[in-house]
Amino acid sequence: MSASKLGTDIHFAVDQLKNGGVLAYPAEACFGLGCDAQNEAAVMRILQLKKRSVEKGLIVIASSLKTLMLYIDWAALSADQKNTIQSTWPGASTWLIPVSADCPTWLSGKHDTLAVRIPEYAPMRALCEQFDGVLVSTSANLQTQPALKTALACQQCFGDTLDYI
């Protein structure tokens, strides 16, 4: 992997996302793989890299609840459920929320819910805020393998298949 694919330039990372790129980035407990949730080809690339079935569904992250509304049916939740969810965000909590009619199956898989989170962890939050959209966020690993915890491990596992780490 070239040195230009490894770094800390959030603007470059966002450019990669906006151009259909797939990247690895630090998440709360491990590195994550991410892409634009609207870009089916990029999502399929992540699934192929992980050797993961589209039927399993994915987690998405965003900087605000408003940004997630395209994908979820917020109205299907009770007031108590909404309050509970909102009390944990931003944070590390991921919630399963009913999907909207507009949620693509490449995100929800065979499920009628979507795993969503508004992260507090600074690197993830900054990426979401700069991207200003919804990102797929899944652990950086091959299916059934432990999650990768460093940029070097991501580089060794995925090599040139990632656009930026």
Side-chain angles (χ1 to χ4, degrees), residues 1-72 89-95 102-109 111 114-165:
M1 176 172 291
S2 68
S4 66
K5 289 190 175 187
L6 186 61
T8 59
D9 184 341
I10 194 163
H11 299 292
F12 183 78
V14 168
D15 285 344
Q16 293 300 307
L17 291 168
K18 289 184 176 182
N19 290 306
V22 171
L23 50 96
Y25 58 88
E28 293 96 347
C30 63
F31 262 67
L33 294 179
C35 71
D36 180 353
Q38 294 264 31
N39 189 318
E40 182 180 8
V43 174
M44 292 303 158
R45 237 177 98 199
I46 285 179
L47 293 172
Q48 182 180 26
L49 286 170
K50 288 180 61 85
K51 299 179 178 16
R52 180 184 171 107
S53 167
V54 70
E55 291 180 350
K56 288 188 169 192
L58 292 161
I59 296 172
V60 297
I61 60 174
S63 61
S64 71
L65 179 59
K66 181 181 176 186
T67 309
L68 292 167
M69 288 299 189
L70 175 65
Y71 301 102
I72 60 174
W89 284 344
S93 296
T94 300
W95 293 93
D102 295 323
C103 183
T105 56
W106 67 75
L107 296 177
S108 60
H111 308 284
L114 182 64
V116 297
R117 178 178 355 150
I118 298 174
E120 183 176 37
Y121 184 61
M124 293 175 76
R125 184 137 188 96
L127 189 61
C128 289
E129 288 172 353
Q130 292 291 317
F131 181 68
D132 195 28
V134 176
L135 297 173
V136 163
S137 181
T138 184
S139 58
N141 64 313
L142 302 177
Q143 185 175 317
T144 75
Q145 297 298 308
L148 304 173
K149 297 191 183 252
T150 67
L152 179 60
C154 292
Q155 186 177 28
Q156 291 170 338
C157 181
F158 295 110
D160 285 333
T161 61
L162 298 176
D163 298 298
Y164 195 55
I165 299 173

Taking side chain as C-beta onward, heavy atoms only, is Trp89 less than 4.5 Å from Leu68?
-> yes
Arg45 side chain to Thr161 main-chain N or O, any donor-acceptor pair under 3.5 Å?
-> yes
Can you list the residues that meet the side chain to side chain contact (heavy atoms under 4.5 Å, CB included) rule with Glu129, with sequence neighbours excluded?
-> Ser63, Arg125
Check side chain to side chain contact (heavy atoms under 4.5 Å, CB included) between Ala147 and all other residues, then give those that pass, not counting sequence neighbours.
-> Cys30, Ser139
Determine whether Lys5 and Ile165 make a side-chain contact, defined as any pair of heavy atoms from C-beta on separated by less than 4.5 Å.
-> no
Residue among Leu127, Ile10, Thr8 satisfying side-chain contact (heavy atoms from CB on, under 4.5 Å) with Tyr25 | Leu127
Could you tell me whether the side chain of Pro104 reaches within less than 4.5 Å of the side chain of Tyr71, counting heavy atoms only?
-> yes
Contacts of Leu70 meeting side chain to side chain contact (heavy atoms under 4.5 Å, CB included) (sequence neighbours excluded), chain-then-number -> Gln38, Asp102
With Glu120 via salt bridge (charged side-chain N to carboxylate O under 4.0 Å, His left out) - residues at least two apart = none
State, with a plain yes or no, whether a side-chain heavy atom of Cys128 is found less than 4.5 Å away from one of Leu135.
-> yes
Atom pair CG/CG of Asp15 and Leu23 - distance to nearest 0.5 Å = 11.0 Å
Considering residues at least two apart in sequence or located in another chain, which fulfil the side chain to side chain contact (heavy atoms under 4.5 Å, CB included) criterion with Met44?
-> Glu40, Leu47, Val54, Trp106
Residue set satisfying salt bridge (charged side-chain N to carboxylate O under 4.0 Å, His left out) with Arg52, at least two apart, ordered chain then number -> none
Do you know which two heavy atoms are closest between Ala62 and Val134, and how far apart they sit?
-> CB-CG2, 4.2 Å
Decide yes or no for Leu162 and Leu49: does some side-chain heavy atom of the first lie under 4.5 Å from some side-chain heavy atom of the second?
-> yes
Short side-chain to backbone donor-acceptor contact, Tyr164 and Asp9, under 3.5 Å | yes
Do the side chain of Asp163 and the main chain of Val22 share a donor and acceptor less than 3.5 angstrom apart?
-> yes
Contact summary for Cys35 and Ile46, nearest pair of heavy atoms = SG-CD1, 3.5 Å
